[in-house]
Amino acid sequence: MKAPSVKPVRCAIYTRVSTDHGLDQEFNSLDAQYEAASAYIKSQAHAGWTLIRSRYDDGGYSGGSTDRPDLQKLLDDIRARRIDVIVVYKVDRLTRSLADFAKLVELFDAHGVSHSFRSPSSSTPTTSMGRLTLNVLLSLRPVRARGHLGADPRQDRSLQAQGPCGSEARCPWAMR
């Protein structure tokens, strides 16, 4: 009996880094993001995932705006229905704005495009819990960027709570 054929799934990788520092190196942050995403796509070959030839790399562009040349090229290709899945290393490479993320997801959904974030700390919002987690993470980005949350949660007094009798107790989600 012949095995059922798997429909090809056209996958695109989007990479971004905020500064152009180090982009002239032989292997840079954009390459590292691309390599991680590419390896993931290869691991999904059994499901028909194939990497398209076009690269979408925005080096030296902030994630605070969607006004980036390769992101716009990616969005044009989505509108032209050339892409089925977008793979991004982590959500903040795509955008740091919750409002922009909502608009992007709306565009993805309208064109039948799914997305996957490869960083272990990023949630892929395919479930209601994933979307909630992602909304919380994106909502905290501006707070952290303005310096209201420390770079190291272990040293951030706002993540510490007062225990009984005034003793200090760490929040259960703070890193130890």
Side-chain angles (χ1 to χ4, degrees), residues 3-139 141-142 145:
S5 63
V6 178
K7 180 184 176 212
V9 178
R10 300 162 300 172
C11 301
I13 297 172
Y14 179 75
T15 64
R16 183 191 64 78
V17 65
S18 296
T19 67
D20 55 9
H21 178 73
L23 290 179
D24 57 346
Q25 295 175 350
E26 188 174 325
F27 187 80
N28 59 48
S29 177
L30 296 175
D31 296 323
Q33 293 174 47
Y34 190 88
E35 191 174 273
S38 180
Y40 179 69
I41 291 170
K42 287 178 186 171
S43 77
Q44 300 302 307
H46 66 278
W49 287 32
T50 57
L51 180 58
I52 65 170
R53 290 182 188 216
S54 296
R55 275 191 73 155
Y56 307 92
D57 302 315
D58 280 321
Y61 289 90
S62 167
S65 163
T66 58
D67 189 22
R68 292 173 255 149
D70 275 16
L71 177 62
Q72 292 306 313
K73 187 170 85 169
L74 173 71
L75 299 178
D76 288 344
D77 285 348
I78 288 170
R79 289 181 191 103
R81 302 198 181 271
R82 294 184 188 115
I83 297 169
D84 300 311
V85 175
I86 301 167
V87 180
V88 182
Y89 180 68
K90 60 183 185 175
V91 67
D92 69 355
R93 302 298 86 195
L94 190 58
T95 183
R96 289 186 177 267
S97 162
L98 184 56
D100 287 342
F101 183 76
K103 290 175 189 172
L104 290 171
V105 169
E106 188 175 317
L107 176 73
F108 299 164
D109 289 348
H111 293 86
V113 173
S114 62
H115 51 282
S116 177
F117 304 113
R118 296 315 332 135
S119 171
S121 63
S122 295
S123 293
T124 300
T126 56
T127 64
S128 57
M129 184 55 85
R131 284 185 190 258
L132 172 63
T133 302
L134 191 57
N135 283 331
V136 170
L137 289 173
L138 284 169
S139 296
R141 292 267 182 218

- Query: Do L71 and L94 touch side chain to side chain, with heavy atoms closer than 4.5 Å?
  - Reply: yes

- Looking only at heavy atoms, the pair that brings C11 and I41 closest together is CB-CD1, 3.6 Å

- Item | Flag, side chain of D109 to backbone of E106, donor-acceptor distance under 3.5 Å | no

- Below 4.5 Å, heavy atoms only, C-beta onward: do I83 and R10 meet side chain to side chain? no

- Query: Can you tell me how far CZ of R79 sits from CG of L107, rounded to the nearest 0.5 angstrom?
  - Reply: 5.0 Å

- Atom pair OG/CD1 of S116 and I13 - distance to nearest 0.5 Å: 10.5 Å

- Looking only at heavy atoms, which two atoms of R55 and D31 are closest? And how far apart? NH2-OD1, 3.8 Å

- With no hydrogens and no angle check, is any side-chain donor or acceptor of R118 less than 3.5 Å from a backbone partner on Y89? no

- Query: Should we say atom CG of D76 is surrounded by more than 12 heavy atoms from elsewhere, each under 6.0 Å from it?
  - Reply: yes

- Message: On a heavy-atom basis, which atom in V87 and which in A37 lie closest, and how many Å separate them?
- Response: CG1-CB, 3.5 Å

- Query: What pair of heavy atoms forms the shortest contact from L30 to N28, and how long is it?
  - Reply: N-OD1, 2.9 Å

- Message: Determine whether a donor-acceptor pair (N or O, by modelled atom type, separation under 3.5 Å) exists between the side chain of S38 and the backbone of E35.
- Response: no

- Message: Once you measure the plane-to-plane angle for F117 and F101, does it fall in the parallel (<30°), tilted (30-60°) or perpendicular (>60°) bin?
- Response: tilted

- Task: Give, for atom CG of L51 and atom CZ of R53, the distance between the pair rounded to the nearest 0.5 Å.
- Result: 10.5 Å

- Task: Report yes if the side chains of P69 and D58 come closer than 4.5 Å at any heavy-atom pair, otherwise no.
- Result: yes

- Query: What's the verdict on salt bridge (Lys or Arg N to Asp or Glu O under 4.0 Å) for K73 and D57, showing C-alpha distance, side-chain angles and the deciding distance?
  - Reply: CA-CA 10 Å; K73 187 170 85 169; D57 302 315; over 6 Å; no

- Query: How far apart are the closest heavy atoms of A12 and I52, and which atoms are they?
  - Reply: CB-CD1, 3.8 Å

- Message: Quick one, T66 and Q72 - any side-chain contact, counting heavy atoms below 4.5 Å?
- Response: yes

- Among V105, L74, I78, D77, which one satisfies side-chain contact (heavy atoms from CB on, under 4.5 Å) with V113? I78

- Message: Quick one, I86 and Y56 - any side-chain contact, counting heavy atoms below 4.5 Å?
- Response: no

- Task: First locate atom NZ of K103, then atom CG of L98, and finally report the distance between them rounded to the nearest 0.5 Å.
- Result: 11.0 Å

- Item | Residue pair L75 / Y14, side-chain heavy-atom distance below 4.5 Å | no

- Item | Y61 versus D70, side-chain donor and acceptor atoms under 3.5 Å | no

- Task: Look only at the side chain of R16 and the backbone of D92, and say whether a donor-acceptor pair between them is shorter than 3.5 Å.
- Result: yes

